[in-house]
Trainee: 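Handing you a structure now.
Hydrogens, waters and symmetry mates are skipped; everything else that's a heavy atom, side chains included, is used.
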Amino acid sequence: MIMLQHALRRRPVRRSRCEAVINPILSNIIASSSRGRTYSQALAFSSQSNISGDDACGKKGSENSGDKNRVPRTLYRQLLSWCRRYDSTPFNPLPPMTLTPPTVNSLSLKRLKEMRTFLEANEITYPNHDFDDMASFGGTARHPAHYAMYKDDVVVKENMITFPEIKDSNQLRAIIRTIYWLNNQNTISSIEGLDYADKNSADDTKEQISLAFDAIKNCNQLSSGELHSRRNKREYNIRVRGGGQSENEEHPTVEYHVGQVVKHGRKKWRGVVVGWQIKKEEENKGSQLGSLTTKQYSFTPVEKSDKEDDDSSTAPDAKVQYTVLVDLNDSQSDSYDFDESTLLGKPITLEKQVDLSPVDDPSLLRVHNSLIQQYFTKFDAKGHFGTGVDADANVENTDESKSPVEFQNSRLAIVRGVREIGNRLLLPLSESNEEEQEEADDDALLLLSSLKSSLQSMMIDDVSSKKHNSAILSLAKLYNFHVKVNALLWTRKSNRQHKQDIKYSLGQIVKHKVYGFRGVVSAWDRTPRVDVSKWDGLKDIESPQEKPFYHLYPDVNDCISAFGGPRHYRYVCEENLELSPHNRQPLELSADLDHHEEWKWDAERGQYVPSAEMKFMYAEDLGENENTLITAVRNLRKILTDCLLDIRDGDDNDLFSMDDLFCQLQSGAENLEDATVVQDLIKEIWKESSPNNPQSSYLRDQLDEGILLLVEGKYESALDTFSKIVASDPLYGEAWNKKATVHYMMGEKDNSIKAAEEALKIDHRNFQALAGIGLIEMDSSHYDKAIESFRKCLDIHPWLVTVSSRLSRCMSKKDSGFSK
């Protein structure tokens with residue numbers, strides 16, 4: 001211990017900082033405090049001596065440094081060699097790591113900061129554009145600190161360096177090389193004005209070499225355990241995949257790989273393979289999986305007949321087990337036969353692999369399962385789910401139907417277009433007096449300030465336009481702001497019409513007349529949004545379906561007394577409520593409104609105060625600047641509408657186009673969540689009425705009203721609303737599409753198809769109308785026509801997983817001879 005303190009007397013190490021370099025890859029080392037300290041200290045200090053050659057700085061060292069640098073250089077190379085040896089061994093991502101002096105040399109850190117500043121100021125980027133290729137960052141042909149110089153996710157300050165999440169050993173090797181360079185005496189000596197006292201002493205170097213030896217020893221101990229076992233398993237699986245055999249080893253042929261989409265031949269569902277393994281017969285007894293949507297299938301290899309080619313030898317006592325995530329839409333279909341054992345997640349033993357087959361149809365490759373994100377990060381151009389290298393800077397990973405140039409142009413156009421829309425939206429807000437917006441007591445100005453902050457956040461270029469998903473991130477900001485502005489205006493307008501019929505305001509504390517619990521009013525509806533005709537507490541109330549209802553956060557203790565346990569939320573008729581007097585203390589709420597940023601407790605008034613946004617939506621008083629706020633929000637709505645119409649009609653070169661959006665939908669979306677962002681914005685654009693119609697704003701509001709009636713199941717009223725809209729504006733495609741939906745819900749299939757066809761005349765890429773026509777043809781057992789419609793739909797929007805599932809069913813029905 002004394003020797004260790006002596007070695008560190010010049011550069012004391014903070015163990016928690018250093019151990020982050022290897023935790024949890026070197027978990028066995030860290031589990032032992034001495035071994036963990038040894039390795040982390042070696043990483044920080046084994047590089048302190050001068051070295052020569054290309055290993056550290058990319059240039060030759062001084063002539064008199066060769067002999068004394070031989071040992072530290074050798075140890076450094078062995079540490080890197082250890083990382084390279086396990087570069088293909090999988091491990092769980094490591095958390096971000098932050099290092100501060102004296103763990104890393106402060107002078108070198110300052111120099112690295114200056115280098116990065118110079119590169120950024122001169123817009124010098126990583127030359128080979130394989131920015132996320134950790135193998136290249138871990139290479140030896142570049143500057144040892146090039147990972148920290150060019151990697152955006154590495155944060156470098158004069159007193160701190162933070163490395164991002166570590167995903168593989170190549171990245172770990174790049175970090176080791178960066179730390180080595182920072183602490184290398186050649187690096188430190190090259191800094192002007194450095195005193196000799198800042199260099200390492202000979203004793204320090206000896207102790208550091210000893211620590212490096214211990215680190216390598218402990219690394220070898222670790223690799224002989226967990227990592228070695230993982231590597232051996234991987235090598236074995238590679239041999240199995242390759243079909244190779246040896247005298248002492250024989251195994252069956254594995255037909256499918258992880259990430260591949262397969263289909264069950266008898267049950268007809270699709271799924272994605274997430275794992276496989278080979279077990280002996282006795283190992284399979286009693287094995288189960290516990291998920292309803294994760295099924296394990298065991299295949300017993302059998303000897304081939306004389307007529308079959310014997311291209312691989314299989315062990316008769318071996319089994320190949322596949323773990324498959326089944327498409328949720330397929331599994332919930334009545335058309336598919338799931339027996340009890342499958343639903344219970346028990347393994348199904350099959351004699352041959354004829355029960356599973358690969359899915360090659362591009363329209364059927366995108367399956368939906370809530371667990372997919374736990375296994376895969378993206379869906380690649382080859383039609384497989386995978387993790388692999390992040391494609392942020394690799395446009396080559398896009399859909400082959402779109403060239404990289406076309407995709408890149410659409411991505412840049414969207415990023416710049418969203419920024420331009422943000423600039424236009426800021427104009428009406430900038431006209432307000434900024435000093436007045438700082439008045440905390442004025443709710444209207446507070447909401448204006450909040451809207452301005454949202455726009456500024458939307459305009460901040462927090463993601464590089466060169467990243468693969470930068471366009472989708474920008475679209476998400478635009479969509480969220482658009483929805484927020486429309487929700488503010490539409491909800492306020494609707495609630496203002498019924499304000500005189502509402503007895504209690506937001507934030508008031510009320511008491512239930514029957515059950516006695518108190519609660520805070522958090523929202524209200526002029527009439528109930530659900531069917532309440534059979535609720536027990538409404539038996540004595542006449543026509544409760546026509547009464548106002550309130551959303552309440554109830555008091556926890558009151559609910560325990562009334563119901564025997566806490567309740568998080570109550571929906572109560574106005575007839576069953578009364579004001580609760582003498583509320584000097586806030587209620588005990590599971591929602592904890594007293595600490596919620598949107599609600600504040602007002603002890604003087606004995607009630608909660610909602611946010612300015614909630615007050616605006618429910619037509620509550622917003623102070624003397626209320627009219628200013630209303631005018632600003634309406635201007636935002638008009639600017640947004642004009643921009644979306646320009647995008648739809650292609651009338652503004654400063655914005656992006658519908659072609660750009662569909663390019664992102666087909667090529668930029670690597671998962672269902674990304675596709676939903678683009679899809680939802682396209683739908684919002686379709687909702688806008690023609691700008692040439694003088695009633696366009698009114699028709700837009702009527703469309704929202706009709707959608708609400710449709711959701712509430714009031715089909716006759718909804719149909720009447722949509723019919724009036726298309727009569728006023730025959731080119732309103734979304735109104736035709738919603739009219740088709742209402743006809744379908746009312747069982748009027750012919751009228752539904754006619755309305756959908758009108759929507760397609762206006763925009764042939766209306767995937768909603770195509771999906772609706774396909775559904776009607778499917779219900780009518782016209783599987784040929786349904787397949788044609790579904791394929792057209794998926795060519796436009798490949799991520800409509802419900803449509804993909806219906807297409808699969810139609811194809812199976814047609815193959816079985818059921819088509820009319």
Trainee: Could you tell me whether the side chain of Arg270 reaches within less than 4.5 Å of the side chain of Ser804, counting heavy atoms only?
Mentor: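 Yes; the side chains approach each other to less than 4.5 Å.
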Trainee: For the backbone of Gly733 and the side chain of Asn737, can you confirm whether one donor and one acceptor N or O come within less than 3.5 Å of each other?
Mentor: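 Checking the backbone N and O of Gly733 against the side chain of Asn737, no donor-acceptor pair under 3.5 Å is found.
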Trainee: Would you confirm whether His782, through its side chain, and Lys785, through its main-chain N or O, come within 3.5 Å as a donor-acceptor pair?
Mentor: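 Side chain of His782 to backbone of Lys785, a donor-acceptor pair under 3.5 Å: no, none is there.
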Trainee: At their closest point, which heavy atom of Phe376 faces which heavy atom of Val273, and how far apart are they?
Mentor: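 Distance-wise, the nearest heavy atoms are CZ-O, 3.6 Å.
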Trainee: State which residues pass side chain to side chain contact (heavy atoms under 4.5 Å, CB included) with Leu760; sequence neighbours excluded, sorted by chain then number.
Mentor: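 Partners of Leu760 by the side chain to side chain contact (heavy atoms under 4.5 Å, CB included) criterion, ordered by chain and then number, come out as Asn766, Ala769, Leu770, Ile773.
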Trainee: Measure across Ile707 and Lys687 and return the closest heavy-atom pair with its distance rounded to 0.1 Å.
Mentor: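 Residues Ile707 and Lys687, closest heavy atoms: CD1-CE, 4.2 Å.
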Trainee: Between Trp799 and Phe767, is the gap from one ring center to the other below 6.0 Å?
Mentor: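 Ring centroids of Trp799 and Phe767 are no less than 6.0 Å from each other.
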Trainee: Please check if any side-chain donor atom of Asn329 sits under 3.5 Å from a side-chain acceptor atom of Thr802, or the reverse.
Mentor: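 No, no side-chain donor-acceptor contact under 3.5 Å.
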Trainee: Looking at CG of Asn369 and OG of Ser331, how far apart are the two atoms once the value is rounded to the nearest 0.5 Å?
Mentor: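 Going from CG on Asn369 over to OG on Ser331, the span is 7.5 Å.
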Trainee: Can you name the nearest heavy-atom pair linking Gln664 to Ser410, along with the distance?
Mentor: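 Scanning both residues completely, I find the closest heavy atoms to be NE2-OG, 3.1 Å.
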Trainee: Counting only N and O atoms by type, is there a donor-acceptor contact under 3.5 Å from the side chain of Tyr715 to the main-chain atoms of Leu709?
Mentor: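 It does not hold such a pair.
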Trainee: Of all heavy-atom pairs between Lys738 and Leu703, which one has the smallest distance, and what is that distance?
Mentor: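 Distance-wise, the nearest heavy atoms are CG-CD1, 4.4 Å.
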Trainee: Side chain to side chain contact (heavy atoms under 4.5 Å, CB included) with Asp779: which residues, sequence neighbours excluded?
Mentor: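 Once residues adjacent in sequence are excluded, the partners of Asp779 under the side chain to side chain contact (heavy atoms under 4.5 Å, CB included) criterion are Tyr744, Lys749, Leu775.
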Trainee: Just say parallel, tilted or perpendicular for the rings of His257 and His384, cut-offs at 30° and 60°.
Mentor: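 Plane angle over 60°, so perpendicular.
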Trainee: Distance check, rounded to the nearest 0.5 Å: Asp659 atom CG versus Glu406 atom CD?
Mentor: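 One finds 8.0 Å between CG of Asp659 and CD of Glu406.
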Trainee: With sequence neighbours excluded, what pairs up with His551 under the side-chain hydrogen bond (donor to acceptor under 3.5 Å, both in side chains) test?
Mentor: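 Here the qualifying residues are Asp525, Tyr569.
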Trainee: Between Glu670 and Thr377, is a side-chain hydrogen bond (donor to acceptor under 3.5 Å, both in side chains) present by the stated rule, with each step listed?
Mentor: CA-CA 8 Å; Glu670 294 183 331; Thr377 58; over 6 Å; no
Trainee: Taking only residues two or more places apart in sequence, or in another chain, which ones meet Thr676 in a side chain to side chain contact (heavy atoms under 4.5 Å, CB included)?
Mentor: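 Partners of Thr676 under the side chain to side chain contact (heavy atoms under 4.5 Å, CB included) test: Leu672, Gln679, Asp680.
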Trainee: Going by heavy atoms in the side chains, are Glu734 and Gln768 under 4.5 Å from each other?
Mentor: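 Answer yes - side chains close enough.
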Trainee: Can a side-chain donor-acceptor contact be found between His743 and Lys739 if the only test is distance below 3.5 angstrom?
Mentor: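 Side-chain D/A pair, Lys739 to His743: present.
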Trainee: Ser657: which residues meet the side-chain hydrogen bond (donor to acceptor under 3.5 Å, both in side chains) condition with it, sequence neighbours left out?
Mentor: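 Residues passing side-chain hydrogen bond (donor to acceptor under 3.5 Å, both in side chains) with Ser657: Asp660.
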Trainee: Which atoms form the tightest heavy-atom contact between Glu165 and Gln171, and what is the distance?
Mentor: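 The pair with the smallest heavy-atom distance is O-NE2, 3.1 Å.
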Trainee: Examine distances only and state if a side-chain atom of Tyr256 and a backbone atom of Leu356 form a donor-acceptor pair shorter than 3.5 Å.
Mentor: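 A pair under 3.5 Å: yes.
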Trainee: Counting C-beta onward and ignoring hydrogens, is there a side-chain heavy-atom pair between Phe163 and Pro96 closer than 4.5 Å?
Mentor: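 Phe163 does not reach Pro96 side chain to side chain.
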Trainee: Any donor and acceptor pair, going by atom type alone, linking the side chain of Gln260 with main-chain N or O of Val272 inside 3.5 Å?
Mentor: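 Checked: no pair found.
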Trainee: Enter the distance from Gln666:CD to Phe407:CZ here, rounded to the nearest 0.5 Å.
Mentor: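 Separation between the atoms: 11.5 Å.
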Trainee: So which atom in Val367 and which in Asp327 form the shortest heavy-atom distance, rounded to 0.1 Å?
Mentor: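 Looking at all heavy atoms of both residues, the closest pair is CA-OD2, 3.3 Å.
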Trainee: Is the side chain of Ser474 donor-acceptor paired with the backbone N or O of Val415 at a distance under 3.5 Å, no angle test?
Mentor: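 Looks like no, no N/O pair under 3.5 Å.
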Trainee: When rounded to the nearest 0.5 angstrom, what distance separates CG in Leu644 from NE2 in His482?
Mentor: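 Between Leu644 CG and His482 NE2, I get 5.0 Å after rounding to 0.5 Å.
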Trainee: Looking at side-chain heavy atoms only, is the closest gap between Asp361 and Met811 below 4.5 Å?
Mentor: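 The answer is yes, as the side chains (C-beta and beyond) meet within the 4.5 Å cut-off.
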Trainee: Does a salt bridge link Asp795 with Arg765, judged by any charged N lying under 4.0 Å from a carboxylate O?
Mentor: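 So Asp795 does not pair with Arg765 through a salt bridge.
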Trainee: Hey, does the side chain of Ser805 reach the backbone of Val801 with a donor-acceptor pair shorter than 3.5 angstrom?
Mentor: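 Such a contact is absent between Ser805 side chain and Val801 backbone.
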Trainee: Please state whether the rings of Phe379 and Phe385 are parallel, tilted or perpendicular, taking 30° and 60° as the class boundaries.
Mentor: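 Plane angle over 60°, so perpendicular.
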Trainee: Go through the structure and list residues passing side chain to side chain contact (heavy atoms under 4.5 Å, CB included) with Val677, not counting sequence neighbours.
Mentor: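 Here the qualifying residues are Ile472, Leu475, Ala476.
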Trainee: Have Ser808 and Lys813 got a donor and an acceptor in their side chains that come within less than 3.5 Å?
Mentor: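 Their side chains do not contain a donor-acceptor pair, so the 3.5 Å distance test is not met.
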Trainee: Does a salt bridge link Lys814 with Asp784, judged by any charged N lying under 4.0 Å from a carboxylate O?
Mentor: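 Yes, charged N to carboxylate O under 4.0 Å.
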